[in-house]
Number of protein chains: 2
Amino acid sequence: MSNRDRILDLSLRLLNEEGAQAAGTTRIAQTLGISPGNLYYHFKNREEIVRGLFAALEAEFRAMMIEDVAPPISPARFAGFYLRSFEVAWKYRFFFGGLHHLLRKDEKLALAYRDLQAWALDELEAIVRQLVKDGSMAKPKTRNGFHSLGLNTWLIWMNWIRFVQISGKDEVTRDDMIEGVGQMFDLLVPYLDADFEKAARRVLARELRG
Amino acid sequence: MSNRDRILDLSLRLLNEEGAQAAGTTRIAQTLGISPGNLYYHFKNREEIVRGLFAALEAEFRAMMIEDVAPPISPARFAGFYLRSFEVAWKYRFFFGGLHHLLRKDEKLALAYRDLQAWALDELEAIVRQLVKDGSMAKPKTRNGFHSLGLNTWLIWMNWIRFVQISGKDEVTRDDMIEGVGQMFDLLVPYLDADFEKAARRVLARELRG
DNA sequence: GTCTATAAGCAGATAGAC
DNA sequence: GTCTATCTGCTTATAGAC
């Protein structure tokens, strides 16, 4: 494993454990047992490390979204899709707590983030549209129903991890992530076909036990 | 105006403009034209300033919540209540972007925040229950319907300001806040009485123009 | 209550040897 | 590709005069 990868690996761990602002280049290098100079050979500055981690998040997130949008959307795929989205979020959780600060200090990262967000919002809306097309869901009532539902989905997704961390539980578990899925799920429940809903819930319940 | 109040005032402005981590005690003192020593006479440390600002946020937020929960809830009061909640959030917006970091570094603040959050979740759930009691809304379908709706309301509220700031608009306006209200509102729409909904929307539309 | 002066520490980053 | 050594600039916070 190259030092470059070791730096990314450890950075992700430290940032996740201690927060996006906690670990500096000095400590990262120290903990790895390499010199600051070595670290700065691989990364021009601290921001480049964070951008590297964001690139990994983005790749996993995009792959997951694309893989699962193909119609028709079965209850199991639907539940699995939401579930995996939370697993990706959890893997890179430092990002969600420190987002505002990170984007403020790094214009390049801000642009990359906004790109991803715009794309994700479109995709989330597309999923809702597809569910309606599949007959698994009634058309939302509000004027901008599709858009609004997609956006609320995104807002819950973005905030769930932060909410759990902020709420001060000693240990965050996989079940907390599944609860998050349920929270997102509840946004659509009023519109979902009863059978579709039941089937999706069963998948989630199985995950909770497993 | 006492120097203590001037410190709180300026801190709020700087933190809002530049982010919760940007302005340090040195710059606050400098900008006010007072000495660091003077600042540290009034506040034991930087965290005490932030806690002072949080106390102000909490006071305004609690006052607003208590004032508006009394039954029955009219559409105008309902819309006005959501609207004012966003105005309070906007006034102390630095808090929402930097929350994770702030709470991590200050255990006292974390406890105060969690108290407020627990209380707010109860109140938000109570509002939903009251709407159902008033006949303005159908009973939510999901098993923990009341709780889930209250929680989603909170998650949208907590995240809207951050979402707007992160999304990179050059200037954030009052209309953006009203859009946030609409986003929160849409959570309840599937269950709301049609007349109640229309009336509440009219109030919001009027605010948008005004 | 307000000031000057400054300690102590840590951050990000670089130069240049090997 | 990795090292040692170090610079610069910032921060929080304090001691003690007025």
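Letters go in sequence order (proteins before strands), and every chain restarts at 1. Keep in mind that what you see is a predicted model, and the values were worked out from it rather than measured.
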Legend entry - All salt bridge (charged side-chain N to carboxylate O under 4.0 Å, His left out) counterparts of B/Arg206, not counting sequence neighbours: none

Legend entry - B/Ser35, nearest nucleotide to its side chain (from C/dC3, D/dA13, C/dA13): C/dC3

Inset, instruction - Please list, by residue number, the residues of residues 13-32 of chain A whose heavy atoms come closer than 4.0 Å to an atom of DNA chain C; answer none if no residue qualifies. - result: A/Gly24, A/Thr25, A/Thr26

Legend entry - Under 3.5 Å side-chain donor-acceptor pair for A/Asn3 and A/Arg6: yes

Inset, instruction - Go through the side-chain N and O atoms of B/Trp160 and B/Glu179 and say whether any donor and acceptor fall under 3.5 Å apart. - result: no

Inset, instruction - Could you tell me whether the side chain of B/Pro75 reaches within less than 4.5 Å of the side chain of B/Val203, counting heavy atoms only? - result: no

Inset, instruction - Check the distance between D/dT12's P and B/Leu39's CG and give it to me in whole angstrom. - result: 9 Å

Inset, instruction - Considering just the side-chain nitrogens and oxygens of B/Asn38, establish if one lies under 4.0 Å of OP1 or OP2 belonging to C/dC3. - result: yes

Legend entry - Strand-adjacent residues in residues 48-55 of chain B, judged by heavy atoms under 4.0 Å from DNA chain C: none

Legend entry - Between D/dG1 (P) and A/His42 (NE2): distance, integer Å: 6 Å

Inset, instruction - Send over the distance from B/Ile34 CD1 to C/dG1 P, rounded to a whole Å. - result: 13 Å

Legend entry - Modelled atom types, side-chain donor and acceptor of A/Asn159 and A/Arg162, under 3.5 Å: yes

Inset, instruction - Choose from C/dA13, C/dT2, D/dT2 the nucleotide whose nearest atom is closest to any side-chain atom of A/Tyr40. - result: C/dA13

Legend entry - Candidates D/dT4, C/dC3, C/dG1 - which lies nearest the side chain of B/Tyr41: C/dG1

Inset, instruction - Look at the side-chain N and O atoms of A/Asn3 and state whether any lies under 4.0 Å from the OP1 or OP2 oxygen of D/dT2. - result: yes

Side chains of residues 89-97 of chain B: which donor-acceptor pairs under 3.5 Å do they make with residues two or more places apart or in other chains?
residue : atom : partner : partner atom : Å
B/Lys91 : NZ   : B/Glu60 : OE2          : 2.7
B/Tyr92 : OH   : B/Glu60 : OE2          : 2.6
B/Arg93 : NH1  : B/Trp90 : O            : 2.9

For nucleotides 16-18 of chain D, list the nitrogen or oxygen atoms of the protein found under 3.5 Å from its nitrogen or oxygen atoms, one pair per line.
none

Report all side-chain donor-acceptor pairs from residues 26-34 of chain B shorter than 3.5 Å, counting only partners two or more places apart or in another chain.
residue : atom : partner : partner atom : Å
B/Arg27 : NH2  : B/Glu18 : OE1          : 2.6
B/Arg27 : NH2  : B/Glu18 : OE2          : 2.9
B/Thr31 : OG1  : B/Arg27 : O            : 2.6

Inset, instruction - Could you please name the option among C/dC3, C/dA13, D/dA13 that lies closest to any side-chain atom of B/Asn45? - result: D/dA13

Legend entry - Side chain proximity check, B/Lys141 to A/Glu197, heavy atoms < 4.5 angstrom: no

Inset, instruction - Output the single nucleotide from D/dT12, C/dT4, C/dA13 whose closest atom is nearest the side chain of B/Arg46. - result: D/dT12

Inset, instruction - Indicate yes or no: at least one non-hydrogen side-chain atom of A/Glu48 is less than 4.5 angstrom from one of A/His42. - result: no

Legend entry - Any B/Glu47 side-chain heavy atom under 4.5 Å of B/Leu109 side chain: no

Inset, instruction - Starting from the 5' end of DNA chain C, give me the residue, B/Arg4 or A/Glu47, whose nearest nucleotide shows up first. - result: B/Arg4

Inset, instruction - Please determine which of B/Phe81, B/Phe54, B/Trp157, B/Tyr113 meets the ring pair (Phe, Tyr, Trp, His ring centres under 6.0 Å) test together with B/Phe61. - result: B/Trp157

Inset, instruction - Could you state the atom-to-atom distance from NZ of A/Lys105 to P of C/dA11 in whole Å? - result: 12 Å

Inset, instruction - Would you tell me whether B/Ser35 and B/Asn38 have side-chain atoms, one donor and one acceptor, within less than 3.5 Å of each other? - result: no

